[in-house]
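Below: one structure, written as structure tokens.
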Amino acid sequence: MGLRVGIPRALWYYSYYPFWRTFFESLGAKVVDSGPTSRDTLNMGVDETVSEACVPIKVFVGHVKSLIKRWEKREIDAIFMPRYVNWSGRTVYCPKFLGLPDMIRYSFSDLPKLIEVRLDARRRPLALLRACNTIRKELGAPRRLLLGAYVKALRTLHRHNELLRQGVSPLDSIASTAGGTSVNATSGKVAGETREDREARDNRETPVIRLAVLGYPYLIYDRYVNLGLLDKLKNLGVEVITAECVWPHLVQKEASKFIKNLFWTYSDMVAKAGYYFLDLDANEAKPEAHRIDGIIHITAFGCGPDAMVDKLLELKARQLSKPFLPLTLDEHTGEAGALTRLEAFVDMLKRRCMTAG
Amino acid sequence: MAVATFPHMNEYSPAFRMILEELGHEVIMPLRPSKRTLTLGSSFGPEFACIPLKILLGTYLEAIEKGANLIVTSGGVGPCRAGLYASMHKEILRSLGHDIDMVVFEPIRHKPLDLLKSVHRLNVARLMPWQLFDLLYRAWQMISYLDQLEHLLHWTRPRELKPGTADAIYRAGVDSLCKERSLKGITSRGRQAVAEMKAIPIDKDADPLKIGIVGEIYVVIEPAANLDIERILGELGVEVHRSIFLTGWTKENVVKEGHRVKAGMVARPYLGEMVGGHGQESIGHTILYAREGLDGVVQLAPFTCIPEIVAKSILPAVSRDFDIPVISFFLDEQTGEAGFRTRLEAFVDLLARRRSRKRQEKQPA
């Protein structure tokens, strides 16, 4: 039996897990993910992390800790701990991503084998393939499997992104890309579901509010940390659209509106997507589904890059007089308070819609 | 005519003023950051932005009140947020109705042409290249002397016989040095001031505690941002070793940026990645200080500073491996002086006790 590799369900998980799972499985390893975030995970993370770190980092450390516990029970053999530096060739990840393996190594005294690899697409051509080759060596898989596994992983990632663009949540997409071949069937089903949803909404009498929920994937898709925010919005009759729903090249067109691009991958995406959603008139070709009534920006307390993103979005929204709600999350965020703010915001939008129409 | 201003940084303002005035600008001197500066900055800046961004924003607003319409500042390429300050400030100032001009100096290595363009834009007096070179050389000399004086100040403070002498002489030296414009004047004044500092009567047998200061450049260098930590420590009888001086930093980052500096290199086993800002250097300097036999290290960082958070989570391991106590301070507009001072005093007490215990252990009974 191959190596059993644990992958923490935090940070880059929502964007890249399908890639790594396919890659590891093609090389004969077994992948174990750490499961959804729970109170225990978060508490463990808070215990082991410096107090200044943001909640996503604490969540990540918590997931690593839960994987360590599984290692102690001999359920896994290693933890996958890539150093995400640069994937796209253009922007780097948050400095905390860059220092992550070091932070983990010096936070725990007794660690299983860490499969550590530096992912930096800037320096050399095919840097990602080379990084994958390093992993292959660690796994002890034969060289001939590498290229096949890499291509297959890339294709899964591509399918994952395609599903995200259709409005499927990453967790559903991860579940549906699991089988590899059964994707088409499931994606059809998902599309069907959204159509039913849409019909149900059309039948409703109140105007449909469409909100862009912007934030890093590890915040808006982690149900425990964001207190089930997306579900709550759906219950309030709001149609939600996220940055992942837009083709990256459409988002990148917004670059000219910035004095200087943001350095960090996720922040760059969120800021540009925000500008894309806000600036209706500038983009004639924008599909109807991307016209929004307001923006909710979800950010973690003390998030460094978001201090910049949030201010940029706030200034832009004010300039175009679009409703904008920043929502800051941390490990102490109370459910009632967050829900009240959401309700108030949605009520305001509904009233605004009624008076306008 | 452009009325220029620039960020406030320790005592360096006169050197920057000299450069800008000789390039043909009227200059508004940035005020030393005060409570008002910070209030202005934090009311218009992003809530979670680091304290340097807020201080700079406040400084700019105060200078704009006095009529400044051109800001000269530095850029960067990340992943530290400081590289985005300029564009952020510009957006915020525009939203407040101040349409100011900005000249941003980006690192030479990345956009060499932009640098030339910026210089050309600033060069209203149309100085010839050799005149520019001469001007920069004079400014560099002035800054070097300022750094040298401050170095001496840190060394003399815990040793002086009459408390306050070093500060008074330093102040006088800096003031007289900053009035000079000619190379001859700068060097002779600089030498004179250094000689005066060295002539201060000191307790030759004094063996003060030695504490290194590491962290993010702005809060380390600017006394208004770090509640004048060097003076507090100096008055507690501690010899302060500061990891960053402007001359040293410029040499490392502008002139030979590709060159791996020593601090970064020794930090590699602990933090194998340039995380931006001074994260790696903070770890590296802590190791270097431990090797030099300092008694302790203070890490200073702005609240929410990402690179320093990474550093802080690794520093306990460094502290354990190299047997050197480290204390971290994350500073923001809420940091109160009394609490800060108390923690520092406690840290110094701890170091003093630790040192005497270690010395006792060394002496066989």
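Each chain gets a letter, A, B and so on, in the order its sequence line appears, and its residues count up from 1.
Of all the listed residues (A:V92, A:T299, A:V50), the one sharing the greatest number of non-hydrogen pairs under 4.5 Å with chain B is A:V50. When each of B:G83, B:S313, B:P79 is checked for heavy-atom pairs under 4.5 Å with chain A, B:P79 comes out on top. Most heavy-atom pairs under 4.5 Å with chain B: of the set A:Q319, A:R118, A:R105, this distinction falls to A:R118. Options B:K312, B:R94, B:E47 differ in how many heavy-atom pairs under 4.5 Å they form with chain A, and the most are formed by B:K312.
Of the atoms belonging to B:P269, it is backbone heavy atoms, and not side-chain ones, that fall under 4.5 Å from chain A. Residue contact with chain B, scored on non-hydrogen atoms closer than 4.5 Å, involves the backbone and the side chain of A:F301 alike. Looking at A:T49, there are no atoms closer than 4.5 Å to chain B (heavy atoms on both sides), in backbone or side chain. Heavy atoms closer than 4.5 Å to chain A are found in both the backbone and the side chain of B:Y270. Using a 4.5 Å cut-off between heavy atoms, B:C305 does not touch chain A at all. Looking at A:I57, there are no atoms closer than 4.5 Å to chain B (heavy atoms on both sides), in backbone or side chain.
Atom-to-atom distance recorded for B:E91:CD and A:E314:CD is 12.0 Å, nearest 0.5 angstrom. In this structure, the separation between CD on B:Q280 and CG on A:L98 is 10.0 Å, given to the nearest 0.5 Å.
Heavy-atom minimum distance, B:L271 versus A:G99: CD1-CA, 4.0 Å. Nearest heavy atoms, B:G76 versus A:K260: O-NZ, 2.8 Å. When all heavy atoms of A:N261 and B:L84 are compared, the pair lying nearest together is O-CD2, 3.6 Å.
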Could you check A:E52 against B:T304 for side-chain contact (heavy atoms from CB on, under 4.5 Å), going step by step and ending with a plain yes or no?
CA-CA 7 Å; A:E52 283 83 5; B:T304 75; over 6 Å; no
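Residues that satisfy the side chain to side chain contact (heavy atoms under 4.5 Å, CB included) test with A:A127, not counting sequence neighbours, are absent from this structure.
Residues of residues 48-56 of chain B that come within less than 4.5 angstrom of chain A, heavy atom to heavy atom, are B:F48, B:A49, B:L53 in numerical order. When the heavy atoms of residues 314-324 of chain B are compared with those of chain A, the residues falling under 4.5 Å are B:I314, B:A317, listed by number. Chain B is approached within less than 4.5 Å, heavy atom to heavy atom, by A:G302, A:C303, A:G304, A:P305, A:A307, A:M308, A:K311, A:L312 from residues 302-312 of chain A, ordered by number.
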